[in-house]
Amino acid sequence: MGFPQAKRPFDRTVNTIPWPSKLSSNTSIYRHGYPIAFMDRQTVLQTLYNKIQDKSKILTGKRVKAIDSSDPTVVKVITTDGSIYSGDIVVGADVLPPYFIPSFIKALELQLIPQIAFSATYSCVFGISHRTPGIDACTLQDVFNEKFSYLIADGPGDRTYFFLFEHMDRVRFGQDIPRLTETDRDEIVGRHLNDPITPDVRFRDIYERRIRSGITPLQEHPHPLTGQGANCCLETAACFTNGLVKLLRSTPSETPVSEGDISSMFDTVQQTRQPRVRFLIEAAHKRQKLVAMDTPEHKSYVATKIPGLPIKVVHSEWLKIFPPAVSLDMVPLPARPHKIPYHDELGAQDNKRSRDESKL
């Protein structure tokens, strides 16, 4: 299905965020010990897989058919090839945030998950291209337009990542959210090929170098604009692992973990992660409305305020989200000097001071 053509931009503000060669106080490395980097998800998965000591426990090509929790002492996962896997809990890590199914809780009907009435306002054409001349190394490009916008990121090696966000003419809910196809993608791309990304680069220059591309409606729970979707999943996995290890270490080896303790552990993970995930989602939605000048007020702000923002303000919008990140608390962390401490490096009395510093 197609959508009405978005209005052509009245002005285009290109905001380039570089990684300086020197570690000034505005850089991510100076503040947090790590650079901001875009990379293929396949690269992340391969890196994680390479570190797994017992790879026999990684089974690919499996699709879950059903989850049986009729036995209060064990939960069973049945796959479409007839295999059955038994355990104490099931962790479904295919949505944000991951959902957890203890063996003693009635199994979640997986087919109902898509029926949850999320809303969607924007579509996103996304993809990976070979590095595009004119897109400087180690930069992110935010391109503001009326009812559509771009995020263009240079990545390691021969890569340029692109995201084209376009308003879908109205807010859609539940089953009214369309299943977008390659035809929809081609229609949207066709009317944006001549959009300038920088003074010297058009979207056509990036798209014609594509390795692969896709399209999706942006349901309002995750959002790629700030790049926190996969990061949230990793943080939730770390938070869950912290809770599980703590639970197992506090339980004598010959004693089964109680249902109450498992439930309490799940509650702790939920309570720990929910505020941060909600903040990141809301921040991404607000930013999407701003960069696509969703309202006359956004349009006015972009025209009158954005061009004069100091670079440190732009940096802070990206960097202030890092200190509350979750890390594994049972392994030694790598030694990386950083100016702003992470919240889990501090005691409770220091957390407020850290939060205040992270806003600077």
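- Remark: Arg185 CZ to Ile188 CD1 distance equals 10.5 Å, nearest 0.5 Å.
- Residues Gln141 and Thr198 bring no donor and acceptor atom of their side chains to less than 3.5 Å of each other.
- Judged purely by distance below 3.5 Å, without hydrogens or angles, the side chains of His338 and Glu345 pair a donor atom with an acceptor atom.
- No side-chain donor-acceptor contact under 3.5 Å links Ser263 to the backbone of Glu259.
- Counting only N and O atoms by type, the side chains of Asp195 and Tyr150 include a donor and acceptor under 3.5 Å apart.
- Atom-to-atom distance recorded for Asp158:CG and His130:NE2 is 6.0 Å, nearest 0.5 angstrom.
- Interatomic distance, CD1 of Ile197 versus NE2 of His192, reported as 10.0 Å (0.5 Å rounding).
- Between atom CG of residue Asp294 and atom CZ of residue Phe148 there is a gap of 13.5 Å, rounded to the nearest 0.5 Å.
- The heavy-atom pair separating Tyr85 from Thr79 by the smallest distance is CE1-CG2, 3.9 Å.
- Listed for the Asp186 side chain is no donor-acceptor partner under 3.5 Å among the backbone atoms of Thr183.
- Checked by atom type, the side-chain pair Ser327/Asp344 shows a donor-acceptor distance below 3.5 Å.
- Hydrophobic clustering (ILVMFWY, side-chain heavy atoms < 4.5 Å, transitive): Phe144 and Leu309 are in one cluster.
- Not one N or O on the side chain of Arg210 forms a donor-acceptor pair closer than 3.5 Å with the backbone of Ile206.
- Taking the side chain as every heavy atom from C-beta outward, Phe162 and Thr132 never approach each other to under 4.5 Å.
- With 3.5 Å as the limit, one finds no donor-acceptor pair spanning the side chains of Arg131 and Thr160.
- Side-chain contact between Gln219 and Ile177 is present, with heavy atoms from C-beta onward closer than 4.5 Å.
- Under a 4.0 Å N-O distance rule, the pair Asp40/Arg212 qualifies as a salt bridge.
- The two residues Met265 and Phe240 make their nearest non-hydrogen contact at CE-CE1, 3.8 Å.
- Counting heavy atoms of neighbouring residues, nucleotides and ligands inside a 6.0 Å radius, atom NZ of Lys62 exceeds 12 of them.
- Residues Met293 and Ser300 form no side-chain contact, since every pair of their non-hydrogen atoms from C-beta on lies 4.5 Å or further apart.
- When the shell of 6.0 Å around CZ of Arg41 is examined, it contains 12 or fewer heavy atoms from other residues, nucleotides or ligands.
- Thr255 places no side-chain N or O within donor-acceptor distance of the main-chain N or O of Thr251, the cut-off being under 3.5 Å.
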From CA spacing to verdict: side chain to side chain contact (heavy atoms under 4.5 Å, CB included), Ser213, Tyr207: CA-CA 9 Å; Ser213 67; Tyr207 195 73; 3.4 Å; yes
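- Closest of all the heavy-atom pairs between Leu280 and Cys232 is CD1-SG, 3.5 Å.
- Side chains of Asp261 and Ser258: a donor-acceptor N/O pair is present below 3.5 angstrom, by distance only.
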Side chain to side chain contact (heavy atoms under 4.5 Å, CB included) evaluation trace for Leu151 with Phe165: CA-CA 8 Å; Leu151 174 63; Phe165 308 97; 4.0 Å; yes
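- Side-chain atoms of Thr236 never come within 3.5 Å of backbone atoms of Cys233 as a donor-acceptor pair (strictly under, hydrogens ignored).
- At least one donor-acceptor pair under 3.5 Å links the side chain of Thr47 to the backbone N or O of Thr43.
- In this structure the side chain of Lys289 never reaches within 4.5 angstrom of the side chain of Thr295, judged on heavy atoms.
- A donor-acceptor pair under 3.5 Å links the side-chain atoms of Thr272 to the main chain of Thr268, judged by distance alone.
- Side chains of Arg276 and Glu235 form a contact here, defined as non-hydrogen atoms less than 4.5 Å apart.
- Inter-residue side-chain proximity for Asp88 and Val75 is flagged as unmet; no heavy-atom pair is nearer than 4.5 Å.
- Lys55 NZ: more than 12 foreign heavy atoms inside a 6.0 Å radius.
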Chi angles and distances behind the side chain to side chain contact (heavy atoms under 4.5 Å, CB included) call for Thr216, Ser123: CA-CA 6 Å; Thr216 184; Ser123 63; over 6 Å; no
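- Annotation: side chain of Phe322 is not in contact with side chain of Arg31 (no heavy-atom distance under 4.5 Å).
- Side-chain contact check for Met168 versus Thr121: every heavy-atom pair is 4.5 Å or farther apart.
- Salt bridge annotation for Arg287-Glu282: absent, with no cationic side-chain nitrogen under 4.0 angstrom from a carboxylate oxygen.
- Residues Leu48 and Leu328 do not share a hydrophobic cluster, defined by chaining ILVMFWY side chains whose heavy atoms lie under 4.5 Å apart.
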Stepwise side chain to side chain contact (heavy atoms under 4.5 Å, CB included) check, Arg273 with Val326: CA-CA 9 Å; Arg273 293 294 296 140; Val326 178; 4.2 Å; yes
Test salt bridge (Lys or Arg N to Asp or Glu O under 4.0 Å) applied to Glu166 and Arg191, step by step: CA-CA 11 Å; Glu166 187 180 73; Arg191 58 177 176 256; 2.7 Å; yes
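- Atoms NZ and CD1, on Lys286 and Ile281 in that order, are 13.0 Å from each other to the nearest 0.5 Å.
- Taking the charged nitrogens against the carboxylate oxygens, Asp68 and Lys76 have no contact shorter than 4.0 Å, which rules out a salt bridge.
- Residue Pro217 comes nearest to Pro178 through the heavy atom pair CG-O, 3.4 Å, listed as atom of the first residue, atom of the second, then distance.
- The CD1 atom of Ile58 sits 7.0 Å away from atom OH of Tyr49, with the distance rounded to the nearest 0.5 Å.
- When hydrophobic clusters are built by joining Ile, Leu, Val, Met, Phe, Trp and Tyr residues whose side-chain heavy atoms come closer than 4.5 Å, directly or via intermediates, Val125 is grouped together with Leu193.
- The minimum heavy-atom distance linking Gly87 with Val74 is given by the pair O-CG2, 3.4 Å.
- By the criterion of side-chain heavy atoms lying less than 4.5 angstrom apart, applied directly or through intervening Ile, Leu, Val, Met, Phe, Trp or Tyr residues, Val91 is not grouped with Ile78; the two fall into different hydrophobic clusters.
- Listed here is the closest heavy atom pair of Asp154 and Arg159: OD1-O, 3.7 Å.
- For the residue pair Gln46 / Asn50, a side-chain donor-acceptor distance below 3.5 Å is found, with atom types taken as modelled.
- Taken together through direct or relayed side-chain contacts under 4.5 Å among Ile, Leu, Val, Met, Phe, Trp and Tyr, Leu333 and Tyr34 form parts of separate hydrophobic clusters.
- Heavy atoms of other residues, nucleotides or ligands lying less than 6.0 angstrom from CD of Glu182 number 12 at most.
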